[in-house]
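Here the structure comes first, spelled out in structure tokens, and everything after it is commentary.
Throughout, a chain's letter reflects where its sequence line sits, starting with A, and its residues are numbered from 1.
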Amino acid sequence: MEIAISIILGCCAVGAGLAMIAGIGPGIGEGNAVAKACEAIGRQPECKGDVTTTMLMGCAIAETTGLYALVITILLLFVTPNMFINILINTLG
Amino acid sequence: MNYKTRRFALVDIIYIIMMIVPICFGMFLKVLTTPLSDGISISGARIYFTLPMPVQNLLITESQVNSAIVMVVLLFFCLYLTHGIRYGVWLKRHHFAEIIVEMCTSLVKNNMGEYFKSFGPFIASILALSALSSLITLFGLFPPTSDINIIAGWAILVFILITYYKMKCGLWEYAKSFANPVLMAPLNIIGEIATPISMAFRHYGNVLSGSVISVLVAAGLQGLSNIVFGALPGFLGEFPFLQVGLPAVLSIYFDIFSGCLQAFIFAMLTMLYIAGGFPLELYEERKKKKAQKCKN
């Protein structure tokens with residue numbers, strides 16, 4: 001029983017760590033977006049406001065995949081262990 | 001014209017008090033229901049009480065109460081801003097209200113076009129509700145935006161609006177818009193369903209990640225100050241010196257900047273989705289044809 005519970009906890013932690021690999025993608029994508037925005041502002045300083053707003057919007061949308069990973073990670077860390085342990089206790093008695 | 005009578009000032013004071021009272025009420029409820037031995041922990045919304053219902057018990061949670069508080073505060077703030085507004089009377093707050101209305105109207109007009117210009121109040125209320133819900137953490141209350149149920153409600157409301165405007169040209173046109181290349185129809189349907197989910201998760205994930213990181217940093221600083229100052233005698237050894245001030249720097253980014261930015265992005269995406277999904281040219285053509293039919 002204790003071994004089963006520790007396997008559940010360990011696998012949830014490993015899964016959470018693996019899920020957060022998705023954080024690489026939004027990092028690279030947002031870096032590219034900000035770099036291009038800086039170039040654009042350097043070329044045309046007068047349209048700084050428009051470029052900044054568009055860049056923030058794009059960054060927010062690029063961030064979505066990372067946030068999906070975050071939500072899955074939080075579910076794996078705080079919700080699933082209790083759920084699986086309850087199922088285990090109910091079935092094994 | 002003497003407008004600043006005693007009655008006018010009294011009503012003003014009542015409005016200001018009604019803006020402060022709900023927040024104090026929320027803090028009072030939180031203090032009453034939080035157990036004493038609860039240290040720093042990551043937890044969801046607390047359940048205040050349950051109402052017995054026929055199918056399933058209705059849970060009144062912290063996030064529902066706090067979003068109601070936000071609504072009351074916003075209502076009285078708006079009443080305060082526009083109190084006694086009429087032609088020829090100008091107070092400072094009237095100008096402030098006018099600036100807000102003008103900004104929202106121009107934002108909606110620039111992003112949605114002339115047809116949707118009556119959307120100003122809706123977008124403004126989404127912006128204000130979302131921003132204030134995130135900023136309520138500054139009073140130590142649980143932010144309603146870090147509860148998926150509240151955000152999912154807003155996202156579903158926006159999704160219903162998007163679908164309504166897509167269906168304005170008739171159900172057949174709506175169904176045809178999915179099968180643009182016929183083979184892509186399943187992907188288009190999945191993409192349509194993903195809209196409210198991604199909108200809800202974007203806002204929820206941003207606010208939640210901020211609060212989780214703040215809690216982790218606060219707990220880490222407590223442990224660190226125990227190690228560094230633990231050898232000092234008496235009270236000095238127990239007091240977490242490193243926790244003073246340092247988490248506030250994070251709070252500036254996660255609570256204030258990120259909360260306001262996410263509110264802006266939620267409102268912006270609402271505008272873009274509604275205006276982007278509506279086939280304006282087709283709708284105007286159909287309107288012209290209908291008018292001609294009526295003439296004949």
Within the structure provided, determine whether [X] and [Y] are in side-chain contact (heavy-atom separation under 4.5 Å).
X	Y	value
B/L59	B/Q64	no
B/K166	B/F278	no
A/L88	A/I8	yes

Which residues from [range] are near chain A, with near meaning under 4.5 Å between non-hydrogen atoms?
range	result
residues 252-268 of chain B	B/L261, B/Q262, B/F264, B/I265, B/M268
residues 120-137 of chain B	none
residues 143-164 of chain B	none

Subject >> Residues A/E63 and B/R202 bridged, charged N to O under 4.0 Å >> reply: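 Looking at A/E63 and B/R202, the cut-off is not met.
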Subject >> Enclosure of A/M83 CE (heavy-atom neighbours >12, cutoff 6.0 Å) >> reply: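 Yes, CE of A/M83 has more than 12 neighbouring heavy atoms, counting only those of other groups under 6.0 Å.
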Original post:
For the atom pair CG (B/L269) and CE (A/M57), what is the distance rounded to the nearest 0.5 Å?
Top reply: 4.5 Å
**OP:** Could you list all the side chain to side chain donor-acceptor pair (under 3.5 Å) pairs where at least one residue sits in residues 25-50 of chain A, not counting sequence neighbours?
**Re:**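 Not a single pair qualifies under side chain to side chain donor-acceptor pair (under 3.5 Å).
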Original post:
Going by the angle between their ring planes, with limits at 30° and 60°, are B/F201 and B/Y204 parallel, tilted or perpendicular?
Top reply: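 B/F201 and B/Y204: tilted rings.
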Subject >> Side chain, backbone, both or neither of A/I74 within contact of chain B (heavy atoms, under 4.5 Å) >> reply: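 For A/I74, side-chain heavy atoms alone lie under 4.5 Å from chain B.
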